[in-house]
There are 2 protein chains.
Amino acid sequence: MSDPHDREIQATGTVRPGGRTARTRAAVHDAVRELMTENGGEPPEIPEVAARAGVHPATVYRRWRTRESLVLDVAVSDVNVASPIPATGDLRADLLAYTRNLVETFDRPGGLAFVRALATAARDTRSGPERTQEILRPRLELFQRLLDASGTTELTPLDVVLLVLSPAYLGATFGMLQPVGEHAEQLVDNVLDVVAGRRARAAAREPRDG
Amino acid sequence: MSDPHDREIQATGTVRPGGRTARTRAAVHDAVRELMTENGGEPPEIPEVAARAGVHPATVYRRWRTRESLVLDVAVSDVNVASPIPATGDLRADLLAYTRNLVETFDRPGGLAFVRALATAARDTRSGPERTQEILRPRLELFQRLLDASGTTELTPLDVVLLVLSPAYLGATFGMLQPVGEHAEQLVDNVLDVVAGRRARAAAREPRDG
DNA sequence: ACCTTATCGCAACGAAAATTGCGTGAGGAC
DNA sequence: GTCCTCACGCAATTTTCGTTGCGATAAGGT
């Protein structure tokens, strides 16, 4: 996670994650976050980041190599912090809380950075899909726990992504979500409609329980 | 459309859209399409495009100025050709035909280029949202005609975008749509479930017709 | 066919990004 | 505290992008 690019493994195998290295890493990450919010979610240029972080550009080039991998590194570091996923057992309430949070996050400048960085990484033909799935897995598991909490068997985590996350994402990128609160509620309503529809179809196929 | 950047208007007002100019434009457009499909939908760099098109880089810089405006120009040129939107009156059939086409388009390398280019353009704070809406308007009107043909009053074109286009887009970017055909059918089923849900709620609010 | 001029190729230039070798200082194990 | 070495700062260098002036050629109207 801290070294996303192909780093030559040292013969001794010793790693040095603390002290100055950690400080530099934190400073660079903070600089990336700041510049990204200031610049509307656009991945900042390496020299700019280095100047903001008070670090020599060569250091950033050596450790992260490219803009994309740097932004992805920051985004992955934030994935566990941002957008908590509740699981109280009330499907509508849980989804609504998550979706509200998500829509508001996307609405803020730089809020799309994580998804965009992930999309950029996924486009990379080398370590693309595998790494993407690896990063997404914990989030999908949290979605699964949200669904399990309410006993919703009609939905998969992928459904939640496609019905909530993707419309919120595209809506935000195209500036189509004027009333943010209503938007979130509508997305959740859509999800519940899909659940109802699938449940009805399942009941029609198997009339006496299952 | 052919001159997306601020071109200084000549005093005489004469434009010269034919002959050599048209040839270079076509060559550059083809080069952009080729490189974009080869590179996974990534906007190619200007010198690369120029080399592929057999044109001097300065020419491309003069006419299009930046990668983004060049890609957007190509995308806008293709918007009327790609992804026809049927309107036979059968909502499910129309949506399915459109969605199948869309999913397949997105699945092809470079198929996401248009949406991505549009997203990049929308991110531009200057001419962002207005230009985006302007480009999207004809598509949204086609969606409206699709809905009108079947008398579906519960959906807006924006709903179609959020329920079909955005999941197809995000699914394609993250490589989450293994069985493409099933994916399209599932998206359409979701839309129909939403229609049913909204119709039921509307009937509940207004028991005796409306 | 001629004339005007928009557009292109060419090349030189400038600026900024990205790479690399080397010396030094900080981390971490003993 | 001592030693080893990883990571950083520094600076020189290479690479690449993007701009601009100028001459040549091709478009299009008369």
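Throughout, protein chains are lettered first and strands after them, A, B, ... in sequence-line order, and every chain is numbered starting at 1. Model, not experiment: these values are computed from the prediction.
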Under 3.5 Å, side-chain donor or acceptor atoms of residues 154-169 of chain B against the rest of the protein: list the pairs with distances, not counting sequence neighbours.
{"residue": "B/E154", "atom": "OE1", "partner": "B/R199", "partner atom": "NH2", "Å": "3.2"}
{"residue": "B/E154", "atom": "OE2", "partner": "B/R199", "partner atom": "NE", "Å": "3.0"}
{"residue": "B/T156", "atom": "OG1", "partner": "B/L158", "partner atom": "N", "Å": "3.4"}
{"residue": "B/T156", "atom": "OG1", "partner": "B/D159", "partner atom": "N", "Å": "3.2"}
{"residue": "B/T156", "atom": "OG1", "partner": "B/D159", "partner atom": "OD2", "Å": "3.1"}
{"residue": "B/D159", "atom": "OD1", "partner": "A/Q186", "partner atom": "NE2", "Å": "2.8"}
{"residue": "B/D159", "atom": "OD1", "partner": "B/R198", "partner atom": "NH2", "Å": "3.3"}
{"residue": "B/D159", "atom": "OD2", "partner": "B/T156", "partner atom": "N", "Å": "2.9"}
{"residue": "B/D159", "atom": "OD2", "partner": "B/R198", "partner atom": "NH1", "Å": "2.8"}
{"residue": "B/S166", "atom": "OG", "partner": "B/V161", "partner atom": "O", "Å": "3.4"}
{"residue": "B/S166", "atom": "OG", "partner": "B/L162", "partner atom": "O", "Å": "2.6"}

Side-chain donor/acceptor pairs under 3.5 Å, residues 111-118 of chain B, sequence neighbours excluded:
{"residue": "B/R116", "atom": "NE", "partner": "B/G41", "partner atom": "O", "Å": "3.4"}
{"residue": "B/R116", "atom": "NH2", "partner": "B/G41", "partner atom": "O", "Å": "3.4"}

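The side chain of A/T21 places no N or O atom within less than 4.0 Å of a non-bridging phosphate oxygen (OP1 or OP2) of D/dA7. Residue A/R20 places none of its side-chain N or O atoms closer than 4.0 Å to OP1 or OP2 of D/dC6.
Atom-to-atom distance recorded for A/T99:OG1 and A/H183:NE2 is 9.0 Å, nearest 0.5 angstrom. For the atom pair B/T153 OG1 and B/L147 CG, the distance stands at 9.5 Å (nearest 0.5 Å).
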Could you run down nucleotides 17-23 of chain D 5' to 3' and tag each one B, S or - for protein heavy-atom contact under 4.0 Å?
-> SBBBB--
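An end-to-end axis angle of 50° holds for the helix from C/dA1-D/dT30 to C/dC30-D/dG1, taken from five base pairs per end and rounded to 10°.
A straight line from CZ of A/R63 to P of D/dG9 spans 10 Å, rounded to a whole angstrom.
Partners of B/D90 according to the side chain to side chain donor-acceptor pair (under 3.5 Å) rule, which considers only residues two or more places apart in sequence or in another chain, do not exist here. Contacts of A/Y98 classified as ring pair (Phe, Tyr, Trp, His ring centres under 6.0 Å), with partners at least two apart in sequence or in another chain: A/F143.
Between B/R33 and B/S77, the side chains place no donor N or O within less than 3.5 Å of an acceptor N or O (distance only, hydrogens not considered).
Heavy-atom distances to DNA chain D give each of B/R23 and A/V55 a nearest nucleotide, and the one nearer the 5′ end belongs to A/V55.
Screening B/L142, B/L146, B/D148 for a side chain to side chain contact (heavy atoms under 4.5 Å, CB included) involving B/Q144 leaves a single residue, B/D148.
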